[in-house]
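Data first, discussion second: the structure below is written as C-alpha coordinates.
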Amino acid sequence: MKTALGAILITEEEIRSRIAEMGRQISRDYADHTVTLIGILKGSFVFLADLIRAISMDVPVEVDFMSVSSYGDATTTSGTIHIEKDLGIPVNGKDVIIVEDIVDTGLTLLHVYNILSGRGAGSLRVATLLEKPGNSKYEGAIDYVGFRIPSKFVVGFGLDYAQRYRNLPDIRVLDEI
Ligand code: IMP
Ligand code: MG
(Lines give C-alpha, C1' and ligand atoms only; values in the text may rest on other atoms or scores of the structure.)
(Ligands and ions follow the chains in the order given, each with its own letter.)
Protein backbone atom coordinates (compact mmCIF):
# COMPACT_ATOMS: atom_id res chain seq x y z
CA MET A 1 0.00 0.00 0.00
CA LYS A 2 1.26 3.48 -0.87
CA THR A 3 0.66 6.13 1.71
CA ALA A 4 1.17 9.84 2.12
CA LEU A 5 1.01 12.12 5.10
CA GLY A 6 -2.37 13.85 5.08
CA ALA A 7 -4.04 16.74 6.86
CA ILE A 8 -3.42 17.70 10.47
CA LEU A 9 -6.29 16.32 12.55
CA ILE A 10 -5.17 17.61 15.96
CA THR A 11 -2.61 20.35 16.40
CA GLU A 12 0.28 20.41 18.83
CA GLU A 13 -1.41 23.19 20.78
CA GLU A 14 -4.71 21.30 21.05
CA ILE A 15 -2.87 18.22 22.29
CA ARG A 16 -0.91 20.24 24.82
CA SER A 17 -3.95 21.88 26.37
CA ARG A 18 -5.98 18.65 26.46
CA ILE A 19 -3.17 16.75 28.18
CA ALA A 20 -2.88 19.56 30.74
CA GLU A 21 -6.61 19.09 31.51
CA MET A 22 -6.22 15.32 31.75
CA GLY A 23 -3.31 15.78 34.16
CA ARG A 24 -5.40 18.08 36.34
CA GLN A 25 -8.23 15.56 36.39
CA ILE A 26 -5.88 12.70 37.34
CA SER A 27 -4.31 14.88 40.04
CA ARG A 28 -7.75 15.48 41.55
CA ASP A 29 -8.81 11.84 41.28
CA TYR A 30 -5.60 10.51 42.84
CA ALA A 31 -4.99 13.16 45.50
CA ASP A 32 -3.41 11.34 48.49
CA HIS A 33 -2.77 8.14 46.47
CA THR A 34 0.24 6.77 44.67
CA VAL A 35 -0.67 6.21 41.03
CA THR A 36 1.12 3.71 38.79
CA LEU A 37 1.02 4.53 35.10
CA ILE A 38 1.55 1.56 32.78
CA GLY A 39 2.38 2.74 29.27
CA ILE A 40 1.69 0.39 26.37
CA LEU A 41 4.73 0.57 24.10
CA LYS A 42 5.66 1.88 21.79
CA GLY A 43 2.87 4.25 20.82
CA SER A 44 2.12 5.67 24.27
CA PHE A 45 5.59 6.91 25.19
CA VAL A 46 5.14 10.47 23.89
CA PHE A 47 1.71 10.88 25.48
CA LEU A 48 2.88 9.34 28.76
CA ALA A 49 5.91 11.63 28.89
CA ASP A 50 3.67 14.68 28.66
CA LEU A 51 0.93 13.26 30.88
CA ILE A 52 3.19 12.52 33.88
CA ARG A 53 4.47 16.10 33.78
CA ALA A 54 0.88 17.35 33.80
CA ILE A 55 0.18 15.48 37.07
CA SER A 56 0.66 17.50 40.24
CA MET A 57 3.91 16.91 42.09
CA ASP A 58 1.82 16.27 45.20
CA VAL A 59 0.71 12.97 43.67
CA PRO A 60 3.38 10.24 43.86
CA VAL A 61 3.67 8.73 40.39
CA GLU A 62 5.25 5.41 39.37
CA VAL A 63 5.82 4.50 35.72
CA ASP A 64 6.42 1.25 33.91
CA PHE A 65 5.93 -0.02 30.40
CA MET A 66 4.65 -3.11 28.72
CA SER A 67 5.00 -4.01 25.09
CA VAL A 68 2.35 -6.05 23.34
CA SER A 69 2.03 -6.69 19.65
CA SER A 70 -1.22 -6.55 17.77
CA TYR A 71 -0.76 -4.54 14.61
CA GLY A 72 2.55 -5.48 12.99
CA ASP A 73 2.99 -3.19 10.04
CA ALA A 74 -0.55 -3.47 8.77
CA THR A 75 -3.39 -1.05 9.33
CA THR A 76 -5.85 -3.72 10.45
CA THR A 77 -5.91 -5.32 13.89
CA SER A 78 -5.20 -9.01 14.21
CA GLY A 79 -6.98 -10.95 16.90
CA THR A 80 -3.87 -12.15 18.70
CA ILE A 81 -1.85 -10.32 21.29
CA HIS A 82 1.62 -11.30 22.39
CA ILE A 83 3.55 -9.86 25.39
CA GLU A 84 6.93 -8.77 24.02
CA LYS A 85 8.14 -6.91 27.09
CA ASP A 86 6.65 -7.41 30.50
CA LEU A 87 6.54 -5.06 33.48
CA GLY A 88 9.52 -4.75 35.80
CA ILE A 89 7.41 -3.98 38.88
CA PRO A 90 4.53 -5.81 40.57
CA VAL A 91 1.09 -4.23 40.31
CA ASN A 92 -0.75 -6.12 43.02
CA GLY A 93 -2.61 -3.76 45.32
CA LYS A 94 -1.58 -0.71 43.27
CA ASP A 95 -3.77 1.99 41.77
CA VAL A 96 -2.98 1.56 38.11
CA ILE A 97 -3.78 3.62 35.05
CA ILE A 98 -3.18 1.89 31.73
CA VAL A 99 -1.91 4.50 29.26
CA GLU A 100 -2.66 3.88 25.58
CA ASP A 101 -1.97 5.98 22.51
CA ILE A 102 -5.17 4.95 20.77
CA VAL A 103 -8.03 2.55 21.35
CA ASP A 104 -9.35 1.21 18.07
CA THR A 105 -11.00 -2.24 18.34
CA GLY A 106 -10.17 -2.27 22.05
CA LEU A 107 -8.56 -5.69 21.75
CA THR A 108 -5.13 -4.60 23.02
CA LEU A 109 -6.74 -2.82 25.93
CA LEU A 110 -8.94 -5.80 26.76
CA HIS A 111 -5.91 -8.09 26.94
CA VAL A 112 -3.76 -5.72 28.98
CA TYR A 113 -6.67 -4.98 31.31
CA ASN A 114 -7.24 -8.69 31.93
CA ILE A 115 -3.53 -9.33 32.53
CA LEU A 116 -3.23 -6.52 35.08
CA SER A 117 -6.46 -7.33 36.83
CA GLY A 118 -5.34 -10.99 36.99
CA ARG A 119 -2.19 -9.79 38.75
CA GLY A 120 -4.29 -8.17 41.45
CA ALA A 121 -4.10 -4.46 40.67
CA GLY A 122 -5.90 -2.66 43.51
CA SER A 123 -7.71 -0.42 41.05
CA LEU A 124 -7.48 -0.17 37.31
CA ARG A 125 -8.35 2.78 35.10
CA VAL A 126 -7.59 3.62 31.50
CA ALA A 127 -6.22 6.77 29.86
CA THR A 128 -5.96 7.06 26.11
CA LEU A 129 -4.92 9.99 23.98
CA LEU A 130 -7.24 8.95 21.14
CA GLU A 131 -10.34 6.82 20.80
CA LYS A 132 -11.88 5.63 17.55
CA PRO A 133 -15.56 4.71 17.33
CA GLY A 134 -16.58 1.07 17.28
CA ASN A 135 -14.34 0.12 20.18
CA SER A 136 -16.20 -3.16 20.39
CA LYS A 137 -13.93 -5.59 22.24
CA TYR A 138 -13.25 -3.69 25.44
CA GLU A 139 -16.55 -2.97 27.09
CA GLY A 140 -15.34 -1.32 30.27
CA ALA A 141 -15.06 2.40 30.87
CA ILE A 142 -12.27 4.45 29.39
CA ASP A 143 -11.80 6.88 32.21
CA TYR A 144 -9.65 9.51 30.52
CA VAL A 145 -10.02 10.12 26.78
CA GLY A 146 -8.02 12.88 25.08
CA PHE A 147 -9.88 13.05 21.79
CA ARG A 148 -12.52 10.98 20.00
CA ILE A 149 -11.54 10.79 16.35
CA PRO A 150 -13.13 9.41 13.17
CA SER A 151 -12.26 5.93 11.90
CA LYS A 152 -9.16 6.97 10.00
CA PHE A 153 -5.60 5.76 10.30
CA VAL A 154 -3.59 8.46 12.07
CA VAL A 155 0.08 8.99 12.82
CA GLY A 156 2.26 11.32 14.88
CA PHE A 157 2.73 12.10 18.57
CA GLY A 158 4.03 8.57 19.14
CA LEU A 159 1.72 6.78 16.68
CA ASP A 160 3.36 5.08 13.74
CA TYR A 161 2.77 3.53 10.40
CA ALA A 162 5.40 0.81 9.81
CA GLN A 163 7.50 2.42 12.59
CA ARG A 164 7.48 5.85 10.92
CA TYR A 165 6.07 9.23 11.90
CA ARG A 166 6.24 8.81 15.68
CA ASN A 167 8.21 12.05 15.85
CA LEU A 168 5.52 14.30 14.36
CA PRO A 169 4.43 16.89 16.94
CA ASP A 170 0.79 16.76 15.85
CA ILE A 171 -1.70 14.05 14.84
CA ARG A 172 -2.17 13.60 11.09
CA VAL A 173 -4.26 11.40 8.87
CA LEU A 174 -2.35 8.89 6.77
CA ASP A 175 -3.82 8.84 3.27
CA GLU A 176 -3.74 5.90 0.86
CA ILE A 177 -2.51 7.01 -2.52
P1 IMP B 1 -6.77 -2.01 19.10
O2 IMP B 1 -6.26 -3.26 19.75
O3 IMP B 1 -7.47 -2.27 17.80
O4 IMP B 1 -7.60 -1.13 20.00
O5 IMP B 1 -5.52 -1.19 18.63
C6 IMP B 1 -4.66 -0.67 19.52
C7 IMP B 1 -3.30 -0.43 18.91
O8 IMP B 1 -3.31 -0.42 17.48
C9 IMP B 1 -2.84 0.93 19.33
O10 IMP B 1 -2.15 0.86 20.54
C11 IMP B 1 -1.97 1.36 18.16
O12 IMP B 1 -0.66 0.92 18.36
C13 IMP B 1 -2.55 0.64 16.97
N14 IMP B 1 -3.43 1.53 16.18
C15 IMP B 1 -4.77 1.50 16.09
N16 IMP B 1 -5.23 2.47 15.28
C17 IMP B 1 -4.14 3.15 14.87
C18 IMP B 1 -3.96 4.31 14.02
O19 IMP B 1 -4.89 4.93 13.50
N20 IMP B 1 -2.67 4.70 13.85
C21 IMP B 1 -1.60 4.08 14.41
N22 IMP B 1 -1.73 3.01 15.21
C23 IMP B 1 -2.98 2.55 15.43
MG1 MG C 1 0.03 0.84 20.39
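As the structure lists them, so they are numbered: ligands from 1, and atoms in each ligand from 1. Numbers here simply count residues along the sequence, with the first being 1.
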Short N/O distance, under 3.5 Å, between Val103 and ligand 1? no
Geometry only, no angles: is Phe153 polar-contacting ligand 1 at N/O separations under 3.5 Å? no
For [X], the ligand 1 atoms whose distance to one of its heavy atoms is below 4.0 Å:
| X | result |
| --- | --- |
| Leu159 | 20 (N), 21 (C), 22 (N) |
| Thr108 | 1 (P), 2 (O), 5 (O), 6 (C), 7 (C) |
| Lys152 | 19 (O) |
| Leu107 | 2 (O), 4 (O) |
| Asp160 | 21 (C) |

With a 4.0 Å cut-off on heavy atoms, is Leu130 touching ligand 1? no
Of all the heavy atoms in Val154, does at least one lie under 4.0 Å from an atom in ligand 1? yes
Rounded at 0.5 Å granularity, tell me how far CG in Asp143 sits from CD1 in Ile98. 9.5 Å
Return the CG to CG distance between Asp160 and Leu174, rounded to the nearest 0.5 Å. 10.0 Å
Establish, yes or no, whether a centroid distance under 6.0 Å links the rings of Phe157 and Phe47. no
Who's closest to [atom] heavy-atom-wise, of [options]?
| atom | options | value |
| --- | --- | --- |
| atom 3 (O) of ligand 1 | Leu110, Thr105, Leu41 | Thr105 |
| atom 19 (O) of ligand 1 | Lys132, Glu100, Lys42 | Lys132 |
| atom 4 (O) of ligand 1 | Gly106, Ser151, Gly158, Gly156 | Gly106 |

Does any pair with a residue in residues 106-128 pass salt bridge (charged side-chain N to carboxylate O under 4.0 Å, His left out), and if so which ones, sequence neighbours excluded? Asp29-Arg125, Asp86-Arg119
Applying salt bridge (Lys or Arg N to Asp or Glu O under 4.0 Å), name anything that partners Arg148, two or more places apart in sequence or on another chain. Glu131
Taking atom types as modelled, is there a side-chain donor on Glu62 or Thr36 under 3.5 Å from an acceptor on the other? yes
Short side-chain donor-acceptor distance under 3.5 Å, Asp101 and Ser44: no
NZ of Lys85: more than 12 outside heavy atoms within 6.0 angstrom? yes
Taking non-hydrogen atoms only, is Asp101 closer than 4.0 angstrom to ligand 1 via side chain, backbone, both or neither? side chain
Below a 4.0 angstrom heavy-atom separation, can you tell me which part of Ile102, side chain or backbone, both or neither, approaches ligand 1? both
Applying a strict under-4.5 Å side-chain criterion to I, L, V, M, F, W and Y, I'd like to know whether Ile102 and Ile8 cluster together. no
